[in-house]
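Here is the structure we will look at.
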Amino acid sequence: MVPGCKRRACGAVPGMCLAVALMSAGTGAGAASANGVASATIVSQLISLPIVIRFSVAPSGSYVATPEVSGPDKGDQLPESVEESWKSLIQMDAAGTATFSIAGSVTSNYTLQTLGAGSGFAALDSSGDERPRPEGPASGLILPAPALTEGDGLSFVISQSLTSALGELRVLVQYN
Amino acid sequence: MKSSARLTIIAALLGGFGISSALAATATGNANATVLTPITISATTPLNFGTLSANATGGTVAITAAGARTVSGTVVVTPAAFSAAVFTVLGTGSATFGITYPTGVSVAGPGTAMGVVLTGASFGTLSGGSLAFPVGGTLTVGANQAAGAYTGSYIMTVEYN
């Protein structure tokens, strides 16, 4: 006998009871579950300490002046990108090296990009007189940076030919 | 009893059978049943809020089911990859199903666990027996949340309507 069906009812309409039985059998396969995963990676603040840019010249080169340029004190916590700019009175005649450091506690790589002259500031010659801004795109030297662990600092050394008079050297650091 | 009376009774009885057949009728009925393919669900893409910094106050990171991300408070996100979750449901034809989202979801890691509220559609309709549907969520980030990787799991449930 089909479950749930009275004898009289089944005798009268047996097909209906068969339909009920089939529907009951299908309920157990009507639901399913799956495990999902949620994740997030937390990094500490990217803090820019005073950045010192030192220009030095290769032994074979010569230069007009190489003062040590200190950046402004950025004690405030900054967002994911840091952009610093200083006016430089340096005119480089030969290959130079810009060395700077950025302190931060990060767990992911970030890139470094130097933005050369041509940001709106006029170039200065050795006499301090303004010169026409060099034509052409800004120097887009992008350096991939290694990963840092918590509390580590990092120093970069960028070597490139600085043959143009520099009115400003801008450095942009941002997370990848 | 006179034979004529017997005949009358018999005739009446015979006629009665004819009369009772008018009190009954039959018809053909149909019974139908639709057997559905058992519904299944599988996780295709995890819910990833990406890489972020809580900073002094903390806040929230929200990812919509469409994959758009917004932040609040002092939370700052990096360009690193992030994504809404995607689940794939298999079943019968164009059947509809309800979606149940769990509560009390969190991600754990080096610091205090962070709560996650899942968001998305409440039902879906299969097409050709399958459907991939997205799941978003809102992550609550604590002030100065400790750096590191945080993960958690949850259970998504679907059921035929």
Side-chain angles (χ1 to χ4, degrees), chain A residues 2 5 9-47 75-82 104-111 113 145 147-152 172-176, chain B residues 29-43 46-56 61 74 76-80 82 85 87 89 91 97 100 105-107 109-111 114 116 118 135 137 139 141 144-160:
Chain A
V2 178
C5 293
C10 285
V13 189
M16 183 178 294
C17 293
L18 175 62
V20 171
L22 285 174
M23 291 170 61
S24 298
T27 301
S33 299
N35 287 324
V37 174
S39 66
T41 301
I42 304 297
V43 296
S44 300
Q45 303 99 354
L46 177 63
I47 301 174
D76 296 331
Q77 297 168 356
L78 298 175
E80 66 272 16
S81 65
V82 176
S105 300
V106 297
T107 57
S108 59
N109 292 342
Y110 53 91
T111 58
Q113 179 180 23
L148 297 179
T149 56
E150 181 98 19
D152 282 351
L172 175 64
V173 179
Q174 65 184 37
Y175 284 114
N176 289 337
Chain B
N30 296 320
N32 299 301
T34 300
V35 180
L36 300 175
T37 301
I39 193 170
T40 63
I41 180 175
S42 60
L47 175 60
N48 179 14
F49 291 95
T51 302
L52 55 118
S53 176
N55 296 318
V61 180
T74 59
V76 174
V77 293
T78 77
F82 62 93
F87 288 83
V89 177
F97 58 91
T100 301
V105 179
S106 64
V107 291
M114 296 180 283
V116 176
L118 301 174
V135 174
L139 173 73
V141 184
N144 298 312
Q145 185 77 34
Y150 291 74
T151 61
S153 62
Y154 56 94
I155 297 177
M156 288 293 297
T157 302
V158 293
E159 183 175 9
Y160 278 128

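Just so it is clear: chains get the letters A, B, ... in the order the sequence lines come, proteins before strands, and each one is counted from 1.
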**OP:** Please report the closest heavy-atom contact between A:Gly36 and B:Ala43, naming both atoms and the distance.
**Re:** CA-CB, 4.4 Å
Original post:
If you round to the nearest 0.5 Å, how far is CZ of B:Phe49 from OG of A:Ser39?
Top reply: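 Interatomic distance, A:Ser39 OG to B:Phe49 CZ, rounded to 0.5 Å: 8.5 Å.
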Chain A: which of [options] shares the most heavy-atom pairs with it under 4.5 Å?
options: B:Ala149, B:Ser153, B:Gly152; value: B:Gly152
options: B:Phe87, B:Tyr160, B:Phe97, B:Tyr154; value: B:Tyr154
options: B:Pro46, B:Gly50, B:Gly29; value: B:Gly50

Subject >> Proximal component of B:Ile155, with respect to chain A [non-hydrogen, under 4.5 Å] >> reply: both
Original post:
Under a 4.5 Å heavy-atom cut-off, does chain A meet the side chain of B:Val107, its backbone, both or neither?
Top reply: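 Side chain only.
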**OP:** Please lay out, stage by stage, how B:Leu52 and A:Ile42 fare under the test side-chain contact (heavy atoms from CB on, under 4.5 Å).
**Re:** CA-CA 5 Å; B:Leu52 55 118; A:Ile42 304 297; 3.4 Å; yes
